[in-house]
*Asks:* 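Before I ask anything, here is the structure I am working with.
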Amino acid sequence: MRADFLLTLRLALPLALAEIGWMSMGIVDTIMVGRLPDSAISIGATGLGQSLYHSIAIFGGGLLLGLDTFVAHAYGREDLNDARLSLVNGLFLAFALTPVLMLAVSFWPALMARFGISVELVGPIRPFLRALNWGTLPLLAYFALRRYLQAVNVANPIMFALISANVVNAVGDWILIYGHLGFKPMGITGSGWSTCIARIYMAGVLAVTLLWVESRRSLSKWAHAVRIDWSRASSLLKLGAPAATQILLEIGAFSAATALIAKLGPIPLSGHEIALNCAAFTFMVPLGISSAAAVRVGQQLGRRDPAGARRAGWSAIMLGVGFMTCSGLVFVSFPTLIARMFTPSVAVIRTGARLLLVAAAFQLFDGLQTVATGALRGAGDTKTPMLANFIAYWLIGLPAGYLLCFRLGWGALGIWMGLCGGLMIIGSALLFSWHKRTLLA
């Protein structure tokens with residue numbers, strides 16, 4: 001297994017750093033708006049707006065996850081023309097999906113008002129979402145380009161794009177939120193525009209990388225790949241739809257939790273956002289490992305090496321579990337110190353620290369389910385993770401959290417306990433599914 005650990009780590013490390021860079025933008029946004037006059041409302045509105053936007057935009061990106069399987073299998077059997085054909089049709093889907101997703105995002109403020117979210121939160125969310133929405137096309141283009149590049153073992157530029165995009169976003173926040181360099185202060189709306197600009201930058205970096213990588217191979221061969229293949233586009237959607245639904249169910253569960261906690265007021269919501277940002281930050285590492293698992297499993301299956309695919313999947317799962325065990329120990333050891341990094345409010349710090357202890361409890365299972373999902377996707381199975389997420393979150397976790405929060409009076413802690421139980425079920429179920437698949441290989 002030693003060779004497989006090294007191969008998985010070589011691909012996973014830049015992808016994990018890229019995911020951390022992705023998450024860092026949200027954390028920087030939260031910290032920057034947390035210094036505005038009304039910290040609780042600014043953090044709560046920004047966090048809720050980001051959750052609502054990502055629940056739709058990431059679903060669109062999930063529809064492109066079939067590229068992992070198609071491109072990795074093609075690259076494994078050394079058929080670059082087929083891999084390029086998948087990318088072209090993935091980009092076509094990105095352009096086609098953009099107006100639909102933007103329209104869906106535009107309905108969120110009205111739905112939140114109907115749901116009973118306070119006006120003091122819905123008011124600033126409206127222009128914030130409008131700014132984020134204009135970054136939808138570059139975000140989907142970034143997703144498609146990234147899936148292709150990582151599947152052909154080009155991972156370092158992806159890491160560079162995300163890390164450098166944080167600089168672009170931080171500078172944009174400083175200028176647009178507070179009104180420097182002659183710009184008027186825009187508050188949390190400035191954070192939305194800064195994120196939009198950073199996403200345009202990310203897509204641009206990967207587009208330049210693609211041209212550079214392919215020029216070293218043979219750009220002339222792209223003539224056979226630059227065409228809309230309805231069969232390939234349909235196959236990508238057929239494989240990507242369950243993966244996108246799984247992501248929607250997962251993000252939707254946390255978005256629903258955010259909306260429920262928002263009914264408790266700005267302080268519980270702000271504490272929730274702090275804990276959620278931290279849990280999501282550590283989640284980025286196994287998410288990067290998950291991408292590496294999908295690529296390596298897919299490439300080995302493309303080479304008709306099921307034993308190699310089995311080793312690739314298990315090595316990735318062990319790496320993910322090891323990291324998340326360490327992150328759980330950090331959350332248990334320093335919950336108050338971590339919460340204090342986000343806000344000076346004593347009440348918000350107290351709430352955030354309590355929720356971080358729950359986050360520590362589900363870290364291992366979160367890493368387990370994430371990496372196992374990637375390994376299964378590399379093998380062409382996107383339905384099992386979808387079903388596991390639906391049952392564990394929506395039939396068990398959220399209903400239990402609602403009862404604990406509103407019926408038993410546990411507040412935000414009750415919602416988090418329900419989510420924790422759901423994650424434990426998902427992690428165990430997907431580990432069993434991968435184990436069963438490797439026995440049959």
Side-chain angles (χ1 to χ4, degrees), residues 1 4-5 8 12 62 65-66 68-69 72 239-254 279 282-283 285-301 305-328 358-401 417-441:
M1 290 284 289
D4 282 280
F5 271 115
T8 300
L65 284 175
D68 275 345
T69 307
L239 186 59
T245 304
Q246 175 257 315
I247 292 172
L248 181 63
L249 290 168
E250 184 173 9
I251 293 181
F254 282 90
T282 58
F283 172 80
V285 173
L287 186 60
I289 298 171
S290 175
S291 293
V295 168
R296 290 210 61 236
V297 169
Q299 288 178 349
Q300 295 295 348
L301 291 176
D305 183 4
R310 180 168 57 246
R311 292 194 304 272
W314 280 116
S315 65
I317 288 171
M318 293 170 72
L319 284 171
V321 167
F323 173 83
M324 292 300 265
T325 300
C326 295
S327 67
V358 183
F362 64 63
Q363 287 293 284
L364 184 148
F365 293 93
D366 202 9
L368 184 59
Q369 66 93 11
T370 305
V371 182
T373 295
L376 289 168
R377 186 169 72 247
D381 181 3
T382 53
K383 292 181 180 179
T384 301
M386 176 188 69
L387 292 173
N389 275 262
F390 174 69
I391 294 170
Y393 278 134
W394 292 92
L395 299 185
I396 300 174
L398 281 174
M417 291 297 290
L419 294 174
C420 180
L423 271 168
M424 289 179 174
I425 294 170
I426 297 169
S428 302
L430 294 187
L431 180 65
F432 174 76
S433 179
W434 174 252
H435 176 64
K436 185 178 179 181
R437 179 173 288 272
T438 57
L439 288 177
L440 297 174

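Excluded from the calculations below are hydrogen atoms, water molecules and symmetry mates; all remaining heavy atoms, backbone and side chain alike, are included.
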*Asks:* What is the distance from atom CH2 of W394 to atom CG of L398, rounded to the nearest 0.5 Å?
*Replies:*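 It is 5.5 Å, given to the nearest 0.5 Å.
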
*Asks:* State which residues pass salt bridge (Lys or Arg N to Asp or Glu O under 4.0 Å) with D4; sequence neighbours excluded, sorted by chain then number.
*Replies:*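 Once residues adjacent in sequence are excluded, the partners of D4 under the salt bridge (Lys or Arg N to Asp or Glu O under 4.0 Å) criterion are R296, R311.
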
*Asks:* Report the distance from atom CZ of F323 to atom CG of L364, rounding to the nearest 0.5 Å.
*Replies:*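 Taking CZ in F323 and CG in L364, the distance rounds to 12.5 Å.
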
*Asks:* With side chain to side chain donor-acceptor pair (under 3.5 Å) as the test, pick out the partner of R377 among D68, T384, T69.
*Replies:*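 Only one option passes, and that is D68.
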
*Asks:* For the residue pair G380 and L239, what are the closest heavy atoms and their distance?
*Replies:*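 Answer, listing the atom of G380 first, then L239: O-CD1, 3.7 Å.
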
*Asks:* So which heavy atom on A244 is nearest to which on G62, and how close?
*Replies:*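 Minimum heavy-atom separation between A244 and G62: CB-C, 3.5 Å.
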
*Asks:* Can you measure from CD1 (I391) to CE (M386) and round to the nearest 0.5 angstrom?
*Replies:*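 Going from CD1 on I391 over to CE on M386, the span is 9.5 Å.
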
*Asks:* Apply side chain to side chain donor-acceptor pair (under 3.5 Å) to residues Q363 and T282 and explain how you reach the verdict.
*Replies:* CA-CA 8 Å; Q363 287 293 284; T282 58; 2.7 Å; yes

*Asks:* Which distance, rounded to the nearest 0.5 Å, do you find between the CZ of F365 and the CD of Q369?
*Replies:*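 One finds 11.5 Å between CZ of F365 and CD of Q369.
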
*Asks:* How many angstroms lie between CG in L423 and CZ in F283, if you round to the nearest 0.5 Å?
*Replies:*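 Reported value, rounded in 0.5 Å steps: 9.0 Å.
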
*Asks:* Would you check if S433 and L376 make a side-chain contact, meaning some heavy-atom pair closer than 4.5 Å?
*Replies:*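 They are in side-chain contact.
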
*Asks:* For a quick test of reading the model, state the closest non-hydrogen atom pair linking S428 to L368 and the distance between them.
*Replies:*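 That would be N-CD2, 4.5 Å.
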
*Asks:* Counting C-beta onward and ignoring hydrogens, is there a side-chain heavy-atom pair between H435 and W314 closer than 4.5 Å?
*Replies:*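 Yes, at least one pair of side-chain atoms sits under 4.5 Å.
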
*Asks:* Tell me the closest heavy-atom pair linking P399 and I396, and the distance in Å.
*Replies:*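 Closest approach of P399 to I396: CD-O, 3.5 Å.
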
*Asks:* How close do A294 and A72 get, heavy atom to heavy atom, and via which atoms?
*Replies:*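 Closest pair (atom of A294, atom of A72, distance): O-CB, 4.5 Å.
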
*Asks:* Looking only at heavy atoms, which two atoms of L249 and Y393 are closest? And how far apart?
*Replies:*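 In this case the closest contact between L249 and Y393 is O-CD1, 4.2 Å.
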
*Asks:* Would you indicate whether the side-chain heavy atoms of L319 and V371 approach each other to under 4.5 Å?
*Replies:*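 No. Closest side-chain heavy atoms not under 4.5 Å.
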
*Asks:* Decide yes or no for T382 and L65: does some side-chain heavy atom of the first lie under 4.5 Å from some side-chain heavy atom of the second?
*Replies:*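 No - every pair of side-chain heavy atoms lies 4.5 Å or more apart.
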
*Asks:* Determine whether M324 and P286 make a side-chain contact, defined as any pair of heavy atoms from C-beta on separated by less than 4.5 Å.
*Replies:*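 M324 vs P286: side chains touch.
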
*Asks:* Evaluate side-chain contact (heavy atoms from CB on, under 4.5 Å) for L395 paired with F390, printing each intermediate quantity in order.
*Replies:* CA-CA 7 Å; L395 299 185; F390 174 69; 3.9 Å; yes

*Asks:* Flag the pair F254 / L419 as yes when at least one side-chain heavy-atom distance between them is below 4.5 Å, and no otherwise.
*Replies:*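 A side-chain contact under 4.5 Å exists here.
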
*Asks:* Once you round to the nearest 0.5 Å, how far does CD of Q299 lie from CG of D305?
*Replies:*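 Spacing of CD (Q299) from CG (D305) equals 11.5 Å.
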
*Asks:* Quick check: do Q246 and K383 have side-chain heavy atoms less than 4.5 Å from each other?
*Replies:*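 Side-chain contact under 4.5 Å: no.
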
*Asks:* Around atom CE of M417, are there more than 12 heavy atoms from other residues, nucleotides or ligands closer than 6.0 Å?
*Replies:*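 Not buried by this count: 12 neighbours or fewer within 6.0 Å.
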
*Asks:* Would you say the side chains of T8 and S315 form a donor-acceptor pair under 3.5 Å?
*Replies:*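 Yes, because at least one side-chain N or O of T8 sits under 3.5 Å from a partner of the opposite role on S315.
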
*Asks:* Measuring only between side-chain heavy atoms, which start at C-beta, is T373 closer than 4.5 Å to L430?
*Replies:*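 Side-chain contact under 4.5 Å: yes.
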
